[in-house]
Amino acid sequence: MADGADSGPVDEGTGPIDLTYAEHFHPARPRALRHRPKVRSPFERRPAGRDGEPTGTNPAYVAWLRGQSMLADADTIARQFSGRGTMWQNPFADPDPRGAVDTASVWFTAYPLSFMTRPGQTFLAAMAEEELWRAFAAIGIEGVHTGPVKRAGGISGWEHTPSVDGHFDRISTVIDPAFGSEADFRAMCGMATFHGGTVIDDVVPGHTGKGADFRLAEMGHADYPGIFHMVEIDPEDWSELPVVPPGRDSVNLDVATEERLEKAGYIIGALQRVIFHAPGVKETNWSATKAVVGVDGVARRWVYLHYFKEGQPSINWLDPSFAGMRLTIGDALHSLADLGSGALRLDANGFLGVEKSALGGPAWSEGHPLSGAANHLIASMVRKVGGFTFQELNLTMDDIREVGKAGADLSYDFVNRPGYHHALATGDAEFLRLGLRTARDLGIDPASLVHALQNHDEMTYELVHWAAGHRDETVVFRGEETTGARLAETVRGELLDGLAGPAHPYNLVFTTNGIASTMASVIAASIGVTELDAIGPAEVEEIRAVHLMLAMFNAMQPGVFALSGWDLTGMLTLPVDDVADLVAEGDTRWIHRGAHDLMGFSPDADRSAEGMPRGRSLYGTLPEQLADETSFARQLQAILAVRKHYGIATSRQVDIPDVSHPGLLVLVHELDSGSHALTVLNFAAEPVRGTVRSEALAPGGAVLDMFSQEPLGFVDDLHAFAVDLPARRGVALLVEPS
């Protein structure tokens, strides 16, 4: 970060700013994007009791399942909204990314399983604490994305089974008791509102877990089979299905069986790719159930689609019953209008349409128009009740642009996250510049993106835009023409060499998707640390400084800036032996999900309440950091204060110019005042004396440090000025017209 960054924000030409708490953290917010309760009364559930055998022919069991069914809840929730004038008071047809950014432009992304609370306290109760929100407000955090907190996993007989994917296999509208209660959630939303913040919840429109809805579907009950992409197999063809081992309720199909069932007209066969592919575990996107006795006494076997894990059956968005749509919309309305969240993340929402190929190739399963239509419906409904949505859509930039035309208000920046990791790993920012320019040329407004540091997932390097959608197109990289496919292969190889492998064994590859790592462990690898235990005070200082540079890249451009508790505390990856049971089937992501004590609530605990082992923190708790002017949190506070004061989040990106050194990145943004804000970063492992040149800069303009207001020079007649940057550091500059 630039020298003088600790001095706080400054007013243009008047010296340091002395903003009051109210001025800085309670700005006016658009009414259309602030939550207002819409329900007549809180939603009540009446669960049935347990009696008899858990089979489809037992009415008590069927009633018990219906009492936990998301579809049944959705039908009840819908009646709270139908026929009410409030449903027509908000615009909803078009996404409003800048309105969403105005509502909350800095997000804390939580991960409930890893969040350490006071002894005996639930996650949601901890997230409702005023002390936490005071710390967030002090730093400049305006929104909290809770992560999935509703009950997930499955049901087997009368018992609930654990989640298979970090609570992204939702099975209920009920808050999971392990995370708290609906009262806790509402208290958290109230505390957020008091501090001028917004709570962002999740909806999962692509799949559920194997909960009550899936069990009722297996039984052939009412509309329930219409929720899922599942096909009943004729008993005469059961011999074509694999045997389900004892203790299992389904088994993945191999490629040969998938092909036979496609030719028999049951399923659409192979999809464009097999996400989480693992030999012997997941070889196709289809699994077969064991025989299940239905409510009519008939035994059935089904083959069902799951883009992700076997325990995540895919929702069918184009069934005549529209049961899947009803379930998803009901879940969303419950979060927004009953619980009190102001926004929703759409998880894996790019996989809502699938169609048999007319040419005998893989089924059309990515970029399908039905996904766009379904996203339009969900996002429009959310806007209709006054909220906004963001999507994590790891597809091509073309797909992100198209879905963004009528779907979610904001999209996660999947392209440039591996881009800045690659720049750090190689000391060369060319691929990062290429990604930024490609997005701009395709018409993607950076203000519509969520620019993030670490989240719960791996550092994704699938690079779908080049590896799939534009694999055969030519692109110039490092002075030579190459194809998109070769570019993606080159970048992935350099990421693996620079951040994982034998030299950096603390970061692990996650299937074909990316690298399991924390932001601090990525930086450690880039500065040559071979063993995490060797990190001492000097390495901590360097990791913190580079971490702040990466925060500047994400925060000092239009859009949302997001960071996690792992970022705020500087967490390292866990030793794999500490999570051996969780990674046994190849899900190495658990090494970067170490428990972290953000507020110092549980200093003596070695695990979170959910059993995640405590990881090593390099920066300490937020109270400790806020008492230290040199800490990560305090320096981040300065970055975010400058970002807010100058309106960077809603500025306009006008140039990503060529640079005089491969390690440099320059972003030029036009402010409402007519001045230009420049983010200048040096990813190289060496100091750089270079030139910043952009046609957007008028000759004679004064160049100032945005943090200190220190004059640094003038723009010359070639629209350029000189800059000096230490290795792996950055500056934020203001260019005022002459």
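FYI, the numbering just counts along the sequence from 1. All heavy atoms count here, side chains included; hydrogens, waters and symmetry mates do not.
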Enquirer: Do F276 and V281 have side chains that get closer than 4.5 Å, going by heavy atoms?
Expert: no

Enquirer: For L253 versus T284, what's the shortest heavy-atom pair and its separation?
Expert: O-OG1, 2.9 Å

Enquirer: Let me confirm one number: the OH-CG distance from Y420 to N554, rounded to the nearest 0.5 Å.
Expert: 4.5 Å

Enquirer: What I'd like to find out is whether the side chain of W466 reaches to under 4.5 Å of the side chain of V491, using heavy atoms alone.
Expert: no

Enquirer: Counting neighbours of CD on E494 that are heavy atoms of other residues, nucleotides or ligands and sit closer than 6.0 Å, is the number greater than 12?
Expert: yes

Enquirer: Side chains of H661 and N682: donor-acceptor distance under 3.5 Å anywhere?
Expert: no

Enquirer: Begin with the C-alpha distance, continue with both residues' side-chain angles, and end with the deciding distance and a verdict on salt bridge (Lys or Arg N to Asp or Glu O under 4.0 Å) for R589 and D165.
Expert: CA-CA 11 Å; R589 292 176 297 178; D165 190 26; 3.2 Å; yes

Enquirer: Do any side-chain atoms of residues 528-543 form donor-acceptor pairs under 3.5 angstrom with protein atoms, and if so which ones, sequence neighbours left out?
Expert:
{"residue": "E539", "atom": "OE1", "partner": "G536", "partner atom": "N", "Å": "2.8"}
{"residue": "E542", "atom": "OE1", "partner": "R729", "partner atom": "NH2", "Å": "2.9"}
{"residue": "E542", "atom": "OE2", "partner": "R729", "partner atom": "NH1", "Å": "3.3"}

Enquirer: What verdict does the salt bridge (Lys or Arg N to Asp or Glu O under 4.0 Å) test give for D249 and K210, after you've listed the backbone C-alpha separation in whole Å, the side-chain angles of each residue and the deciding distance to 0.1 Å?
Expert: CA-CA 10 Å; D249 61 5; K210 289 185 176 178; 3.0 Å; yes

Enquirer: Got a sec, which residues hit salt bridge (charged side-chain N to carboxylate O under 4.0 Å, His left out) with R593, two or more places apart in sequence or on another chain?
Expert: D457

Enquirer: Do any N or O atoms from the side chain of N349 and from the backbone of V204 form a donor-acceptor pair under 3.5 angstrom?
Expert: no

Enquirer: Under a 3.5 Å distance rule, please check whether R728 uses its side chain to pair with a backbone N or O of S526 as donor and acceptor.
Expert: yes

Enquirer: When you compare the side chain of F414 with that of E392, does any pair of heavy atoms fall below 4.5 Å?
Expert: yes

Enquirer: Could you state the interatomic distance from CD (E366) to CG (D399), rounded to the nearest 0.5 Å?
Expert: 8.0 Å

Enquirer: Counting neighbours of CD on E686 that are heavy atoms of other residues, nucleotides or ligands and sit closer than 6.0 Å, is the number greater than 12?
Expert: yes

Enquirer: May I have the step-by-step check of side chain to side chain donor-acceptor pair (under 3.5 Å) for S602 and D597, ending in yes or no?
Expert: CA-CA 7 Å; S602 197; D597 194 356; 5.2 Å; no

Enquirer: Taking K150 for its side chain and V203 for its backbone only, find out whether a donor-acceptor pair lies under 3.5 Å.
Expert: no

Enquirer: A side-chain contact here means heavy atoms from C-beta on lying under 4.5 Å apart; do L499 and M459 qualify?
Expert: yes

Enquirer: Please evaluate residues D567 and H547 with respect to the criterion side chain to side chain donor-acceptor pair (under 3.5 Å), reporting the C-alpha separation (whole Å), side-chain torsions for both, the decisive distance (0.1 Å), and the verdict.
Expert: CA-CA 8 Å; D567 290 306; H547 206 159; 3.0 Å; yes

Enquirer: To the nearest 0.5 Å, how far apart are CG in L432 and CG in L664?
Expert: 12.0 Å

Enquirer: What verdict does the side chain to side chain contact (heavy atoms under 4.5 Å, CB included) test give for E624 and S631, after you've listed the backbone C-alpha separation in whole Å, the side-chain angles of each residue and the deciding distance to 0.1 Å?
Expert: CA-CA 9 Å; E624 291 169 339; S631 70; over 6 Å; no

Enquirer: I need the minimum non-hydrogen distance between N513 and E458, along with the two atoms involved.
Expert: CB-OE2, 3.3 Å

Enquirer: Under 3.5 Å, is there a donor-acceptor pair between the side chain of T117 and the main chain of T122?
Expert: no

Enquirer: Under the salt bridge (Lys or Arg N to Asp or Glu O under 4.0 Å) criterion, do R437 and D658 qualify, and how do the steps go?
Expert: CA-CA 11 Å; R437 289 169 173 172; D658 291 332; 2.9 Å; yes

Enquirer: For E129, enumerate each residue passing the salt bridge (charged side-chain N to carboxylate O under 4.0 Å, His left out) test, keeping only those at least two apart in sequence or located in another chain.
Expert: R118

Enquirer: Identify whether the distance between the nearest side-chain nitrogen and carboxylate oxygen of R689 and D724 falls below 4.0 Å.
Expert: yes

Enquirer: Show the nearest heavy-atom pair for residues G147 and D201, with the distance to one decimal.
Expert: O-OD1, 4.1 Å

Enquirer: Which atom pair, heavy atoms only, marks the closest approach of R248 to E310?
Expert: NH2-OE2, 3.2 Å

Enquirer: Please give me the minimum heavy-atom distance between M397 and T438, naming the atom from each residue.
Expert: CE-CG2, 3.3 Å

Enquirer: Please evaluate residues D202 and R345 with respect to the criterion salt bridge (Lys or Arg N to Asp or Glu O under 4.0 Å), reporting the C-alpha separation (whole Å), side-chain torsions for both, the decisive distance (0.1 Å), and the verdict.
Expert: CA-CA 5 Å; D202 289 79; R345 178 182 60 173; 2.6 Å; yes

Enquirer: For L568, does its backbone N or O pair with a side-chain atom of Q625 as donor and acceptor, under 3.5 Å?
Expert: yes

Enquirer: Which residues satisfy the salt bridge (charged side-chain N to carboxylate O under 4.0 Å, His left out) test with D428, sequence neighbours excluded?
Expert: R478

Enquirer: On a heavy-atom basis, which atom in S365 and which in Q272 lie closest, and how many Å separate them?
Expert: N-OE1, 2.7 Å

Enquirer: With distance as the sole test, does T109 use its side chain to make a donor-acceptor pair with the main-chain N or O of L563 at under 3.5 Å?
Expert: yes

Enquirer: So F179 and F123, would you call those rings parallel, tilted or perpendicular, with 30° and 60° as cut-offs?
Expert: perpendicular

Enquirer: Distance-only, no hydrogens or angles: does the D413 side chain make a donor-acceptor pair with backbone N or O of L449 under 3.5 Å?
Expert: no

Enquirer: So F308 and V164, do their side chains get closer than 4.5 Å, heavy atoms only?
Expert: no

Enquirer: Could you tell me how the ring of F136 sits relative to the ring of F108: parallel (under 30°), tilted (30 to 60°) or perpendicular (over 60°)?
Expert: tilted

Enquirer: Pair H470, T396 - check side chain to side chain donor-acceptor pair (under 3.5 Å), show working.
Expert: CA-CA 8 Å; H470 298 264; T396 68; 5.3 Å; no

Enquirer: Quick one: list whatever passes salt bridge (charged side-chain N to carboxylate O under 4.0 Å, His left out) with E430, sequence neighbours left out.
Expert: none

Enquirer: Is T588 reaching over with its side chain to a backbone N or O of V509, donor-acceptor style, under 3.5 angstrom?
Expert: yes

Enquirer: Supply the atom-to-atom distance F561 CZ to H451 NE2, rounded to the nearest 0.5 angstrom.
Expert: 10.5 Å

Enquirer: Tell me if a side-chain donor or acceptor on T161 pairs with a main-chain N or O of G154 at a distance below 3.5 Å.
Expert: yes

Enquirer: Decide yes or no for D587 and L582: does some side-chain heavy atom of the first lie under 4.5 Å from some side-chain heavy atom of the second?
Expert: no

Enquirer: Taking H456 as the fixed residue, which of F115, W566, F510, F168 is the one that meets the ring pair (Phe, Tyr, Trp, His ring centres under 6.0 Å) rule?
Expert: F168

Enquirer: Just wondering, do V680 and V666 contact through their side chains at under 4.5 Å, heavy atoms?
Expert: yes

Enquirer: Taking side-chain contact (heavy atoms from CB on, under 4.5 Å) as the criterion, tell me which of M519, Q454, H421 meets it with L550.
Expert: M519

Enquirer: With sequence neighbours left out, write down each residue that passes side-chain contact (heavy atoms from CB on, under 4.5 Å) with A270, or none if nothing qualifies.
Expert: E258

Enquirer: As an exercise, state the distance from OH of Y111 to CE of M612, rounded to the nearest 0.5 Å.
Expert: 7.5 Å

Enquirer: Rounded to the nearest 0.5 Å, how far apart are OG1 of T482 and CZ of F477?
Expert: 9.0 Å

Enquirer: Is H504 reaching over with its side chain to a backbone N or O of Y506, donor-acceptor style, under 3.5 angstrom?
Expert: no

Enquirer: Would you say the side chain of N416 lies within less than 4.5 Å of the side chain of L436, judging by non-hydrogen atoms?
Expert: yes

